[in-house]
2 protein chains.
Amino acid sequence: MNDSYLNFVNSPLGARLARSLGLPKPEVLRRHRADEPEFGGVVAIGAGREPQLLDALANLVASIGVTSVAHESAGLWVPLATRHGLMTGRFEPADSGSPGRLAALLFDASGIDDSSQLEPLHGFFHDTLRSLGKCGRIVVLGRPPESCASPRQWTAQRALEGFTRSLGKEARRGITANLVYVEQGAESGVETSLRFFLSPRSAYVSGQVVRIGSAAGAGPQAAAPAFDWKAPLAGRRAVVTGAARGIGASIASVLAAEGAHVIGIDIPAARDALDLTMRQLNGTALAFDIAAPEAPAQIAAALDEQGVDIVVHNAGITRDKTIAKMTASVWQSVIDINLCAQERIDDALLAAGIVRDGGRIIGVSSISGIAGNLGQTNYATSKAGVIGRVQGMAPHLRARGITINAVAPGFIETQMTARMPFTLREAGRRMNAMSQGGQPVDVAQTIAWLAHPGSAGITGQVVRVCGQSLIGA
Amino acid sequence: MNDSYLNFVNSPLGARLARSLGLPKPEVLRRHRADEPEFGGVVAIGAGREPQLLDALANLVASIGVTSVAHESAGLWVPLATRHGLMTGRFEPADSGSPGRLAALLFDASGIDDSSQLEPLHGFFHDTLRSLGKCGRIVVLGRPPESCASPRQWTAQRALEGFTRSLGKEARRGITANLVYVEQGAESGVETSLRFFLSPRSAYVSGQVVRIGSAAGAGPQAAAPAFDWKAPLAGRRAVVTGAARGIGASIASVLAAEGAHVIGIDIPAARDALDLTMRQLNGTALAFDIAAPEAPAQIAAALDEQGVDIVVHNAGITRDKTIAKMTASVWQSVIDINLCAQERIDDALLAAGIVRDGGRIIGVSSISGIAGNLGQTNYATSKAGVIGRVQGMAPHLRARGITINAVAPGFIETQMTARMPFTLREAGRRMNAMSQGGQPVDVAQTIAWLAHPGSAGITGQVVRVCGQSLIGA
């Protein structure tokens, strides 16, 4: 839970020692605080040829109330910003001598339709990266390659992935870099994602690629659901499994802070902790073993009257063994709790119409489910299955406006990781672009973004919460 | 080029020292040799419920002439093998006490359509993994999740990825583990892939997921192209760019050994090396700078008369710098040579009909293109673009029976990696499931498999040649 190295190298003596020995110096990440402004500072705007998302960006900049400067690559920004009534200036090359001046770098690559047009990406980040402050934010915007009209366009848009991921790895200083692909016509659905990636809520989310499509369930006449940016989940009910402690308790807490009424589920043995957590959040505690055959019906019965808007499948266990030493019951218990139980519960809630239209289902996967892991055949199988679930179910739920997504945590500081052997824990902590483990709240904030009523255009996706871990598939 | 640690720990003294100090002991990988039998030993067969690919496996076992034993999970294998005229036995649990008895483990998971049915995977590998010998082979067969009829089936099939990747990471001893998804109706197209993954040709390919679809360009009446397993590329012409040395020369050499006439291209400055390499292979040398605007027309003119069947885009450069220090010309030269040139050449060859029907285009990408890399924004962008190219062009080329795929090398022992600083090189070598770098021939053999006339069902895919590197996206 306590990264003493991170604390040490951020002390005056430790910083000097780390500098003289060439040791990694993880940044203390800025995280969301209710008593601090979420956005601030100056945002630099860059663009490739014929950018198509500057309007959406202008709406965002107006909405979050930051100041912008236009890089020479984004000549269209100044008149556009003026039309939106925004104060804006020009990014001067001399600014690159003032480190920390910028809070975020936003690049609109949506109009690039050939690999020969990629140079403005280089030009913009070459000029601006040094001016980006600690825990700064980089977002590259493009069009989903698979929706592109020509192979040339597909190629150029797909190239953005390699670029953004490289930038994430070289930026350091707690800076994140993410790529948002916006489907043609889905421009209005981009705001929750840009707010997330620009805010301290995404402190440990970097190197990710997210696709914004048309809103699930939205016909041409469908009105966007009403919400308040200060309490977007107000009036919504959220079920969280494994909510007594750790990541689950953090998820419950963040959803409650965003206005949701939380129904926390955990095993009867954790009833006291669950009751305490739920009391603090004015939530409801349900002590059920989700692996029990009767659990889906019990949960459905408990929720029946009012239904539910958000279902977070967080409960999970690890029982690590190499496969030659793993018993069938250890194999099966992990598969059953981490995967089959999610399926049984969702099927019951969906069949009975308890998940309301416009609902949000979020499964917790894992980097192990993506990359596989030594001694975790059971766990990785279950967590890869969670990815299959969200991909497989998304099209079926679309008509009802229900989205289903997964988060895949990397190394998160919990009681579980605190019990790991020292070297393994240190390796896990440092092998990512942030040189540190994440916090449970990082997973929780990512889930809150996906659960947001404005995130209706995100479905069937997997977002890693891993500080851009080196480890992948 | 020379991994002295690998050599040392495989000496009698080094092995003792490594054991007593707990150091990693990379296995000397068995690689393809023309004077050694490609297949041999005993293959164990396992299966989930209602396996659908046992017939294809029986054809393979008959074709490569190995002995099989059936695990209790594959009860159907014995009568089926008998019908195919194969000698077969039963895998006895006692066999797990005889390490090294088995050469390969094959598991047919195609009939698993619910996560509650995954247990036989555990049962089979639990019983057999210890009996698998050094450099043994594991192949799990399933159905592509995205083609599954129900979300439950999609989930269960997708779960296989986490399983296979975990197995690859824990098996060690030079063992590879790969997952082959076979589309319904594409069963007859699986042989080249199974031969590749079972043979020493795939020594450094592990943790990969490959999809076999219906053959590109094949109508229901289309005859499979005739070929000889001993010289499958006989009568075929192959262009390889960057063929003078290193990985390119190895690609040329392997394609020639498989029977192809190779046309090697390299820059005029490398003409002597190119001439020498091509003379040794009875190939044709073309000294062109692929980045020159006139190159596509020159190459097209040189190939025009007889056309070409195989195009391998191997030429590429690195010019590493952090983006703040990278000049526009360094950025652009890497993008242009590694990506734009491929596009211009293919477009010219395809427009002029020089790539013959049933052709094979293979681009060389990189792990950096998947995961991004510090100091390689230009290189990673270009290599991610190569991935976009094969994904974007595959559907357009399908009607003509042309496939397009990419290989993504990890750490390969070349002159380039030999020049890396020691610690970086050592990290690159050890951070994969094989604890060593790959050889150029590993990339070349992977390309030869994709270039095979029997690989018509593989298109739009990316195969990593990385020893299951830890590094990913």
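Quick caveat, the model's predicted, so the values are computed rather than measured. To find a chain, count down the sequence lines: A is the first, B the second, and so on, and within it residues start at 1.
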- Task: Answer with side chain, backbone, both or neither: which region of A371(A) has an atom nearer than 4.5 Å to a non-hydrogen atom of chain B?
- Result: both
- Query: Shortest non-hydrogen contact from A384(B) to G162(A)?
  - Reply: CB-N, 3.4 Å
- Query: Are I323(A) and F124(B) close enough that some pair of their side-chain heavy atoms sits under 4.5 Å apart?
  - Reply: no
- Task: Measure T327(B) against the heavy atoms of chain A and call it side chain, backbone, both or neither at under 4.5 Å.
- Result: backbone
- Item | Distance (rounded to the nearest 0.5 Å) between T377(B) OG1 and L121(A) CG | 9.0 Å
- Going through the checks in order, is the side chain to side chain contact (heavy atoms under 4.5 Å, CB included) test met by R172(A) and L374(B)? CA-CA 10 Å; R172(A) 303 182 184 272; L374(B) 195 154; 3.0 Å; yes
- Item | Best-contacting candidate, P395(B), G369(B), G388(B), S166(B), against chain A by heavy atom pairs under 4.5 angstrom | S166(B)
- Taking the side chain as every heavy atom from C-beta outward, state whether L339(A) and T155(B) have any pair of such atoms under 4.5 Å apart. yes
- Task: Could you look at D347(B) and say if it's the side chain, the backbone, both or neither that has a heavy atom under 4.5 Å from chain A?
- Result: side chain
- Pick from P145(B), A473(B), A156(B), C340(B): which one has the most heavy-atom pairs with chain A under 4.5 Å? A473(B)
- Message: If you count heavy-atom pairs within less than 4.5 Å of chain A, which of Q376(B), R152(B), K383(B), R389(B) leads?
- Response: R152(B)
- Task: Count the heavy-atom pairs under 4.5 Å between each of A324(A), S366(A), A380(A), C466(A) and chain B, then report the option with the highest count.
- Result: A324(A)
- Max heavy-atom pairs within cutoff under 4.5 Å with chain B, candidates G375(A), G207(A), S382(A), S368(A), goes to G375(A)
- Task: Check the side chains of E343(A) and S115(B) for a donor-acceptor pair under 3.5 angstrom, ignoring hydrogens and angles.
- Result: yes
- Task: Go through L129(B), I387(B), I335(B), D114(B) and name the one with the most non-hydrogen pairs under 4.5 angstrom from chain A.
- Result: I387(B)
- 4.5 Å side-chain heavy-atom contact, L470(B) and L470(A): no
- Query: With only heavy atoms counted, which part of Q468(B) is less than 4.5 Å from chain A, the side chain, the backbone, both or neither?
  - Reply: side chain
- Taking the side chain as C-beta and beyond, is there a heavy-atom pair between Q391(A) and E146(B) under 4.5 Å? no
- Message: Quick check: do H122(A) and N378(B) have side-chain heavy atoms less than 4.5 Å from each other?
- Response: no
- If every non-hydrogen atom of P151(A) is compared with every non-hydrogen atom of M393(B), which pair is closest and at what distance? CB-CG, 3.5 Å
- Atom CG of D320(B) and atom CD of E170(A): how far apart are they, to the nearest 0.5 Å? 10.0 Å
- Most contacts with chain A, counted as non-hydrogen pairs under 4.5 angstrom, among E161(B), M431(B), H396(B): H396(B)
- Task: Answer yes if the ring centres of W331(A) and F125(B) are under 6.0 angstrom apart, and no otherwise.
- Result: no
- Name the option with the most non-hydrogen atom pairs under 4.5 Å to chain A; the candidates are D336(B), V386(B), N373(B). N373(B)
- Whether H126(A) side chain and A328(B) backbone form a donor-acceptor pair below 3.5 Å: no
